There are 2 protein chains.
Amino acid sequence: MTFLRENSPVKTKDMLIGALLRVPAEAIHRRIINDLNAAGFTELSLPHMALFRFPGPDGVRPGVLAERAGMSKQAMNRLLGSLEDLGYLIRSDAPDEGRARIVRFTKRGHAAYAKAMEVLRNIEREWRAELGPRDFAQLKELLFRVWESPLVR
Amino acid sequence: MTFLRENSPVKTKDMLIGALLRVPAEAIHRRIINDLNAAGFTELSLPHMALFRFPGPDGVRPGVLAERAGMSKQAMNRLLGSLEDLGYLIRSDAPDEGRARIVRFTKRGHAAYAKAMEVLRNIEREWRAELGPRDFAQLKELLFRVWESPLVR
DNA sequence: CACTCTGAGTAAACTATGTGTACTATCACT
DNA sequence: AGTGATAGTACACATAGTTTACTCAGAGTG
């Protein structure tokens, strides 16, 4: 982001919470895709990230994944189809319910997900080094309180 | 986000910084669009948000806006064209350089941008009430330090 | 001055990604 | 059996982005 950095100095008060959250969140997003691509998972792009994040899709039903990602079941189904073609996962019938299906990572899918988590841990290490362990923990704690609160529903 | 809230309790340590930033950032994003639509700016949708955020597009050249938004000049040009058709802005020739152009908000554009900033201030007020003034200020300060750092380039 | 090179803005074809509508299969309830 | 609701899927459609390509203005050079 080459915002105003070249010009006058910017202070905390100038920035609103929207930009303060958005800019680092997007930076992390790009970083994960880049590192994933560099690690050999070259087909993965931005929309696939809806699946390769925190509670992974493994063992979950398509409809739940759609709701998590905030998209329609049809869109999620396409995503799953493309990732199935790419060999990252398979959809099999659920054992308990006839109409339901279950998403399962393949070996490659597990590897990609593990890599994404590794990148995230690397990012955390870098941030911890930059801010100091105490302040980084504080940042996560504050964000967690936001996450728990009704603010983000 | 109906993540795992229904199930076992989640602790700070379980969450990685990616999700902790992404979830509130997206919540703010949706909130701004909703409130903007509710306030009468019904045509504005997600992609337009690339323009209605912090340093607005007013007085800036298309190429700079494209770089800020992290998209190609052509894509930005389309966005500008659609917003011009909707009456939010105009593109006029730059006074100094013949080949350059300058984006200018119309009255409606200024009103929408002001509304977006108002929503952001409302959000800040709510977060301050939820976290307490001291912790909210602390959160912004920590995010600002991230923003300043080389971490997010 | 003509000549070339570069950069800003634009336009059109192509691609992809999401939504809306619609269909099938299964479950729950009567 | 019959009805309605739900999970998953398929396809037409709209939307938004990138790639490729063009025009025009400015800068430098012979």
Side-chain angles (χ1 to χ4, degrees), chain A residues 2 6 26 29-30 33-34 36-37 41-53 57-86 88-104, chain B residues 2 6 22 26 29-30 32-34 36-37 41-53 57-86 88-104:
Chain A
T2 56
E6 313 86 358
E26 287 177 359
H29 216 213
R30 284 194 304 272
I33 296 172
N34 277 349
L36 237 31
N37 290 349
F41 306 105
T42 52
E43 318 93 337
L44 297 182
S45 63
L46 201 136
H48 299 126
M49 290 305 103
L51 287 169
F52 290 89
R53 63 206 206 186
D58 198 59
V60 185
R61 309 200 339 204
V64 176
L65 293 173
E67 197 208 340
R68 274 190 197 168
M71 52 169 45
S72 64
K73 289 192 292 185
Q74 298 89 319
M76 177 53 70
N77 212 36
R78 277 203 155 196
L79 250 186
L80 292 172
S82 83
L83 284 171
E84 196 164 15
D85 292 345
L86 293 170
Y88 284 92
L89 53 85
I90 55 170
R91 285 170 292 181
S92 45
D93 291 336
D96 52 331
E97 207 182 338
R99 59 186 163 177
R101 310 204 74 186
I102 294 268
V103 174
R104 284 286 172 201
Chain B
T2 55
E6 313 85 359
R22 175 173 38 81
E26 286 176 1
H29 216 213
R30 285 193 304 272
I32 293 178
I33 294 171
N34 278 349
L36 237 30
N37 291 348
F41 306 104
T42 52
E43 317 93 338
L44 297 181
S45 63
L46 202 138
H48 299 126
M49 289 304 103
L51 286 169
F52 289 89
R53 63 203 202 186
D58 198 58
V60 185
R61 314 216 317 219
V64 176
L65 294 173
E67 197 208 340
R68 274 191 198 167
M71 51 168 46
S72 65
K73 289 192 293 182
Q74 298 88 321
M76 175 53 69
N77 212 36
R78 276 203 155 196
L79 252 187
L80 292 173
S82 83
L83 284 171
E84 194 164 15
D85 292 345
L86 292 169
Y88 285 91
L89 53 83
I90 55 169
R91 285 171 291 182
S92 47
D93 291 336
D96 54 329
E97 207 182 339
R99 59 187 162 177
R101 310 203 73 187
I102 295 269
V103 174
R104 284 287 172 201

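Sequence lines set the chain letters: A, B, ... in the order given, protein chains first and strands last, and positions in each chain run from 1. Keep in mind it's a predicted model, so treat the numbers as computed, not measured.
In this structure the side chain of E84(B) reaches within 4.5 angstrom of the side chain of I90(B), judged on heavy atoms. Two residues are said to be in side-chain contact when any heavy atoms from C-beta on lie closer than 4.5 Å; L44(B) and L83(B) meet this criterion.
Closest of all the heavy-atom pairs between A50(A) and A69(A) is CB-CB, 4.1 Å. Contact detail for L51(A) and P57(A): the closest heavy-atom pair is O-CD, 3.3 Å.
Of the residues in residues 42-49 of chain A, none has a non-hydrogen atom less than 4.0 angstrom from any atom of DNA chain D.
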| task | Quick one, give me the B/S/- string for nucleotides 22-30 of chain C, reading 5' to 3', where B means a protein heavy atom under 4.0 Å from the base and S means that only happens at the primed atoms, P, OP1 or OP2. | result | ----BS---
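If you measure from atom NZ of K73(A) to atom C1' of dA5(D), you get 11 Å, rounded to the nearest angstrom. Rounded to an integer number of Å, the gap from R101(A) CZ to dA10(D) C1' is 14 Å. Across the protein-nucleic acid pair, D85(A) atom CG and dT17(C) atom P stand 13 Å apart, rounded to whole Å. Atom CD of E84(A) is separated from atom P of dA10(D) by 10 Å (rounded to the nearest Å). With rounding to whole Å, L51(B) atom CG is found 13 Å from dA16(D) atom P. When rounded to the nearest whole Å, the span between CG of L79(A) and P of dG8(D) equals 15 Å. The CG atom of L65(A) sits 14 Å away from the P atom of dG18(C) (whole-angstrom rounding). Computed from coordinates, the E67(B) CD to dT18(D) C1' distance equals 17 Å when rounded to whole Å.
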Without placing hydrogens or testing angles, list every side-chain donor-acceptor pair under 3.5 Å for residues 73-82 of chain B, not counting sequence neighbours.
{"unit_1": "N77(B)", "atom_1": "OD1", "unit_2": "R91(B)", "atom_2": "NH1", "d": "2.8"}
{"unit_1": "S82(B)", "atom_1": "OG", "unit_2": "L79(B)", "atom_2": "O", "d": "3.0"}

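The aromatic rings of F52(A) and Y88(A) sit perpendicular, their planes meeting at an angle over 60°, well past the 30° parallel limit.
Every salt bridge (Lys or Arg N to Asp or Glu O under 4.0 Å) that E97(A) has, sequence neighbours left out, goes to R61(A), R99(A). By the side-chain hydrogen bond (donor to acceptor under 3.5 Å, both in side chains) test, N34(B) pairs with no residue at all, sequence neighbours left out. I33(B) is linked by a side-chain contact (heavy atoms from CB on, under 4.5 Å) to N37(B), L46(B), M49(B), counting only residues two or more places apart in sequence or in another chain.
Considering only side-chain N and O atoms, N77(A) lies under 4.0 angstrom from the phosphate OP1 or OP2 of dT9(D). Between R61(B) and dG9(C), a side-chain N or O to OP1/OP2 separation shorter than 4.0 Å is present. A sub-4.0 Å separation between OP1 or OP2 of dT18(D) and a side-chain N or O of S72(B) is present.
Contact annotation for R78(A): base contact, defined as any heavy-atom pair under 4.0 Å involving a base atom. Nucleic acid contact for R91(A): sugar-phosphate only, since backbone atoms but no base atoms lie under 4.0 Å from a heavy atom of the residue.
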